2 protein chains.
Amino acid sequence: MAKPKLDRKTLLKNSLSVFKSRGYHGTSVNDLAAASGLLKGSIYHYIESKESLMLEVLNALRDHYVAKVFSKCHDENLTPYERLQELSIRAEEIFTFEETGDFFVNIGLETINSNPSFAKVIQDFFKDWIGSLSDLYRHVLDEQDAIVQAERVVAELEGSVIMMKILGDVNYLKRSSVRVLNEFKELEKNKISKVYNG
Amino acid sequence: MAKPKLDRKTLLKNSLSVFKSRGYHGTSVNDLAAASGLLKGSIYHYIESKESLMLEVLNALRDHYVAKVFSKCHDENLTPYERLQELSIRAEEIFTFEETGDFFVNIGLETINSNPSFAKVIQDFFKDWIGSLSDLYRHVLDEQDAIVQAERVVAELEGSVIMMKILGDVNYLKRSSVRVLNEFKELEKNKISKVYNG
DNA sequence: CAAAATCTACCAACCGTTTGGTAAAATTGA
DNA sequence: TCAATTTTACCAAACGGTTGGTAGATTTTG
């Protein structure tokens, strides 16, 4: 049996990088094949369609985030603040170097009307992110406020990344994550003083 | 038989509505022509190219915002807080009904790598928005803080709109604008107390 | 060898754009 | 005023090129 020269993980990584820079409609199957050193016809040995490839990329990326990033929110070896700090550091790396964090937003906005098949994975990504964050905020807020706060933080971070990309100013995200961390410390203080006073 | 003439404003409005729901790469010249009751070839009587049409749409939209929305920030008949309130109301209408506010973000993200010719108008839109807002915040903050605050508010609103669109939750924006308004009131209070105390 | 992987060649459909042509409307000139 | 002329608005068809996708021959590999 001939062993596959191109393993799935590499194929997905290469495809992600093309989709990232050209969007969904903007990338051709030819581009995707070339990114993995293949001619157009050959890539159909690995994939069923352009659409199914994108779906697989989105799923793999979401799984990666859930397992490697969002899971930090439940790391019992760290204090809640340290967990948020870890998340911030990872987020900053992801958005500025990997440029992968806004991928879900990009593809989401581009395909929400034309390709509803992508919607579920994209929504799941954000629901997981918000869910993990709100578990963290549960340490300093009641359930409803924790959810609202998590939604707000995700919206602010995403907004910052987008403004960063469009205006080319790298300080947006940095300031946002500093703000989020300080806010959390403030919330912790308020909670302690409440415990002492009430 | 009098021929109904297609005026430029209608053409731009029709085109905007197509670009809005299908993106730039996702809409064909056929779509654009059909939206104005023309066949594909006929639209070239009005436009030079698909790209130039999009550019005109973007320019018209930016001009509209500058003249009708952002200008509220300098309305001397209103208090600073009332101006922000006006802006919030308009923003809410724009984002939820006209669905036009995230257009600049959508097209910006979709074309930033492939169509640099759109970048300038899109950036100008956000620079104008941030500029007008920071003039407002100048009433309660020093210059540098006013700019940072304006950038933050725009990022948060944009982030909210995007999450709203992707997750289908209409409460995001409402909560964001309430937060922005309350924050402004808080800043006004702090400024007054500073004046009294120092 | 046979299976797996890749290439070449080729679809039909669509892309943005151009063309040749045609009526109707507006303008002109007497 | 009214016919001649020009301009406008539009269409059907076609352009060269690209799209996502397929079929079959060819190469690589265990």
Side-chain angles (χ1 to χ4, degrees), chain A residues 1-59 106-107 110-118, chain B residues 1-59 106-107 110-118:
Chain A
M1 302 183 192
K3 74 173 162 196
K5 216 171 107 186
L6 178 64
D7 67 299
R8 198 119 204 107
K9 215 170 145 186
T10 309
L11 170 72
L12 294 182
K13 218 180 91 183
N14 295 340
S15 304
L16 169 62
S17 124
V18 182
F19 278 135
K20 240 174 4 186
S21 69
R22 306 173 90 95
Y24 181 69
H25 294 295
T27 89
S28 67
V29 177
N30 208 4
D31 296 332
L32 293 164
S36 288
L38 298 172
L39 290 186
K40 189 168 61 160
S42 311
I43 203 176
Y44 282 93
H45 194 262
Y46 295 90
I47 67 168
E48 202 196 72
S49 67
K50 179 187 172 186
E51 190 176 357
S52 73
L53 174 57
M54 173 58 104
L55 243 155
E56 205 178 332
V57 167
L58 287 170
N59 271 304
N106 284 227
I107 302 302
E110 189 192 338
T111 64
I112 199 158
N113 292 313
S114 60
N115 261 86
S117 60
F118 301 152
Chain B
M1 301 252 177
K3 258 191 186 167
K5 208 185 113 192
L6 177 64
D7 67 300
R8 197 121 205 102
K9 215 171 144 184
T10 309
L11 171 71
L12 293 182
K13 219 181 88 184
N14 295 341
S15 303
L16 170 61
S17 123
V18 181
F19 279 135
K20 242 176 358 188
S21 69
R22 308 172 87 95
Y24 181 69
H25 292 109
T27 90
S28 68
V29 176
N30 205 7
D31 296 332
L32 293 165
S36 288
L38 297 172
L39 288 188
K40 189 167 59 157
S42 310
I43 203 174
Y44 282 91
H45 186 60
Y46 296 90
I47 67 169
E48 201 197 74
S49 66
K50 179 186 171 186
E51 189 176 358
S52 73
L53 175 57
M54 173 58 104
L55 246 161
E56 204 178 332
V57 167
L58 287 170
N59 272 304
N106 284 227
I107 302 302
E110 189 192 339
T111 64
I112 199 159
N113 292 313
S114 61
N115 262 86
S117 60
F118 301 152

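Bear in mind that the values here come from a model prediction, so they are computed numbers and not experimental data. Quick note: numbers below take in every heavy atom, side chains included, and nothing from hydrogens, waters or symmetry partners. Chain naming here is simple, since letters A, B, ... match the order of the sequence lines and numbering starts at 1 in each.
- Computed from coordinates, the B:Leu53 CG to C:dG16 C1' distance equals 13 Å when rounded to whole Å.
- Relative to the ring axis of A:Phe19, A:Lys50 does not place its NZ or CZ within 45° and under 6.0 Å from the centre.
- Look at CG on B:Asp7: it is 11 Å from P on D:dC10, rounded to the nearest Å.
- A side-chain donor-acceptor contact under 3.5 Å links A:Ser15 to the backbone of A:Leu11.
- The separation between A:Tyr44 atom OH and D:dG21 atom C1' is 5 Å, rounded to whole Å.
- Between B:Ser117 and B:Glu51 the shortest heavy-atom distance is OG-OE2, 2.7 Å.
- Using modelled atom types and a 3.5 Å distance limit, the side chains of B:Asn14 and B:Ser36 yield a donor-acceptor pair.
- Between B:Lys50 atom NZ and C:dT17 atom P there is a gap of 8 Å when expressed in whole angstrom units.
- Side-chain atoms of B:Arg8 come within 3.5 Å of backbone atoms of B:Tyr46 as a donor-acceptor pair (strictly under, hydrogens ignored).
- Across all non-hydrogen atoms, the minimal contact from B:Ile43 to B:Leu38 is CA-CD1, 4.0 Å.
- As rounded to whole Å, 20 Å separates atom P of C:dC14 from atom CG of A:Asn30.
- Separating the CD1 atom of B:Ile47 from the P atom of C:dT17 is a distance of 7 Å, rounded to the nearest angstrom.
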Any N/O pairs under 3.5 Å between the protein and nucleotides 11-14 of chain D? List them or say none.
| residue | atom | partner | partner atom | Å |
| --- | --- | --- | --- | --- |
| D:dC11 | OP2 | B:Leu39 | N | 3.0 |
| D:dC11 | OP2 | B:Ser42 | OG | 3.0 |

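- Shown here for B:His25 and B:Glu110, the closest heavy-atom pair between the two residues is N-OE2, 2.8 Å.
- With sequence neighbours excluded, the residues satisfying side chain to side chain contact (heavy atoms under 4.5 Å, CB included) with A:Ser28 are A:Asn30, A:Asp31.
- Residues of residues 13-29 of chain B that place a heavy atom closer than 4.0 Å to DNA chain D do not occur.
- Scanning all heavy atoms of the two residues, the minimum distance from A:Thr27 to A:Val18 falls at CG2-O, 3.6 Å.
- Counting to the nearest Å, the C1' atom of C:dC7 and the OH atom of A:Tyr46 are 13 Å from each other.
- Distance CE (B:Met54) to C1' (C:dG16): 15 Å, rounded to an integer number of Å.
- For D:dA9, the OP1/OP2 oxygens have a side-chain nitrogen or oxygen of B:His45 closer than 4.0 Å.
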